[in-house]
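The block underneath contains the structure these notes are about, expressed in structure tokens.
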Amino acid sequence: MSDLNNQSETPASPSGINRRGLLKLGAFGGLASAATALASTAPAKAMATGAASTEESNAHLFTEHDDFPYVVANDYERYHQERTAFSYFHKNQLWVYPNPDMTKPGFTMEDIALSIGAWDLNDRLNSYSSNSGYDLGLYNWNNPVAPEKHQFASKEHAANVIKRAARHYGASLVGITHQDDRWDYASFFDGVKNETKTWADFPFKPKTVIALAIESDYEGMATTPSLVADAVTAEGYARMSYVAYALSSFLRNLGYNAVASGNDLGMSVPYAIAAGIGDSSRMGLLVTYNYGPRVRLMKVYTDLEFVEYDKPKTFGVREFCERCKRCADACPSKAISQEDKMSLYPHEGHDASTNNVGVEKWWTDSKKCLQYWNDSNTNCGTCITACPYNKPDFWQHRMIEKMNSLMPGPLHTFMREMDIWFGFGDTFDEKAVARFWDPKGRKYDGRG
Amino acid sequence: MFLGIFTGIEVLFFMLGVLTTLTFVGLGWLKFTHNVGAKPLAPLAIGLLIMIAAIAWCVSSVLEGEPQAGSMGLMVIFLPGLVIASLGARQVYNVAR
């Protein structure tokens, strides 16, 4: 049966494979190499530039849209900062925290100090801007601008330069979009000073909004709800401001008006969607392709117009969220909708007093959500931890996300179940706190 | 990890490269020296490749600190691969002996 018996054609080589067999083996190996090369994505380029170079190979997973990818009602009315749940809690003095049980993992003195350290940093940089207010700290409105406007060679060049600068300052994701009245607060509200201002008080008329996202620590966010996760949130808030401030300063030094913005001035999620850095989700947070919902968002408003704008991109999050519902199941305050489909208006019985009504979405009850922050002494974040899009940056998760984007709906339910079986997205996990602090496998002196 | 030069994931993918090469060479050896046809060879090849993919999954899961995902990978990826490869190996053995 073997080629060794076929002596009449060619003599066998000493290794047991004749020349014809060797040629066949060579062809076989060549095919295998070609298949490997095809399966990989420009490997040399990928190795040289990291995750960014996978963009071209992922292009087929994304749908680009000319307009905002979710329906906005004709009778849509602009949202006021005063209507946010944060403002509601300020006005009604509802921020009442019970004393934490300091014997519980994630709430010990060390965890408390970790959280306070990060919030202290943020408060020094931006005061109370994470909850309320405007024109505070690094998000201030009045900064010197270079007298002469720099002329960019082309719109594409301007966009590339801005994005590279943003990445240099620490942004994980950057997108550029037009300023849009729909996503800007109609008026600004400072719950501490009890002051209101409008765009008429703003120092210039913005034309462009640069949406930015920074990644939050995976291990820290795995501990939700705890003060370790709180420290991740707070450190994120601090980083948001200095990254956005640095980019705004960069633009001001090029002669353009620019103001950094965190939770103030406008709504970050629709701007981030419009700028093409993520997709809308059931929990109301932005889900990004690289980091899922484990990001913090900020913006830079500028009067620079000569720039190439990004288009909104969707990659199947809506379809996945319709069947998954892990965030809604995990939410301890039951503040996330269990409805199957997005809707333009809230369903009957939903308290929409703090919602931006008239935009297609799943409806969340922000008051319930913030009340749980009070009750748990944390910023919660269990929805982020539970989301199947929240994964470490490892190859197998990028593979699964690609599969999810290509799979039809019913298989999403299967993928959700597998995500649970494989042990991802556990919340209230005391072991996660231990893992966060565990020195095993960490070398702090540069040896590993 | 590994002489203090390479990370775990780098060593893993190097070893996976070695395993994949050995698999292809082995399959080629069976085909060209023992004249085993594509039909009995296919389940063996599929089973071996699934097992290699399972090793990649399981070791990566342990490296990223998700051991439960690694254990589940053994059950739902490696075991089916082992069963398919065993069935294929029996057919190949019957043809090649």
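As a basis for the values below, the full set of heavy atoms in this structure was taken, side chains included, without hydrogen atoms, waters or symmetry mates. Reminder, nothing fancy here: chain letters follow the sequence lines and each chain counts from 1. The shown structure was predicted, so the numbers you read here are calculated from the model rather than taken from an experiment.
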Given a strict heavy-atom distance threshold of 4.5 Å, which part of [X] is in contact with chain A: side chain, backbone, both, or neither?
| X | result |
| --- | --- |
| B:Ser61 | both |
| B:Leu30 | neither |
| B:Glu66 | side chain |

### Crowding at CE, B:Met15 (>12 non-hydrogen neighbours, <6.0 Å)
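No, the 6.0 Å shell around CE holds no more than 12 heavy atoms from other groups.
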
### Message
For A:Glu110, I'd like to know if atom CD has over 12 heavy atoms of other residues, nucleotides or ligands within 6.0 Å.
### Response
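No, because the 6.0 Å sphere around CD of A:Glu110 holds 12 heavy atoms or fewer from other groups.
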
### Message
Return the CH2 to CD1 distance between A:Trp395 and B:Ile9, rounded to the nearest 0.5 Å.
### Response
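Here the interatomic distance stands at 7.5 Å.
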
#### Entry: Portion of A:Ile420 that has a non-hydrogen atom of chain B nearer than 4.5 angstrom
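Backbone only.
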
### Task
For residues A:Met418 and B:Val76, determine if any side-chain heavy atom of one lies less than 4.5 Å from a side-chain heavy atom of the other.
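Of all side-chain heavy-atom pairs linking B:Val76 with A:Met418, at least one is under 4.5 Å.
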
### Message
In the structure I gave you, are the side-chain heavy atoms of B:Glu64 and A:Lys391 within less than 4.5 Å of one another anywhere?
### Response
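No, side chains not in contact.
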
### Query
Does the ring center of A:Phe422 lie less than 6.0 Å from the ring center of B:Trp57?
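That pair passes the under 6.0 Å test.
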
### Message
Quick check: closest heavy atoms across B:Ser60 and A:Phe394, and the distance to 0.1 Å?
### Response
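For B:Ser60 and A:Phe394, the tightest heavy-atom pair comes out as O-CE2, 3.5 Å.
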
### Query
Which one, A:Met399, A:His397, A:Arg435, leads in non-hydrogen pairs under 4.5 Å with chain B?
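Highest number of heavy-atom pairs under 4.5 Å: A:His397.
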
### Query
Do the side chain of B:Gln68 and the main chain of A:Trp421 share a donor and acceptor less than 3.5 angstrom apart?
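Side chain of B:Gln68 to backbone of A:Trp421: a pair is present.
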
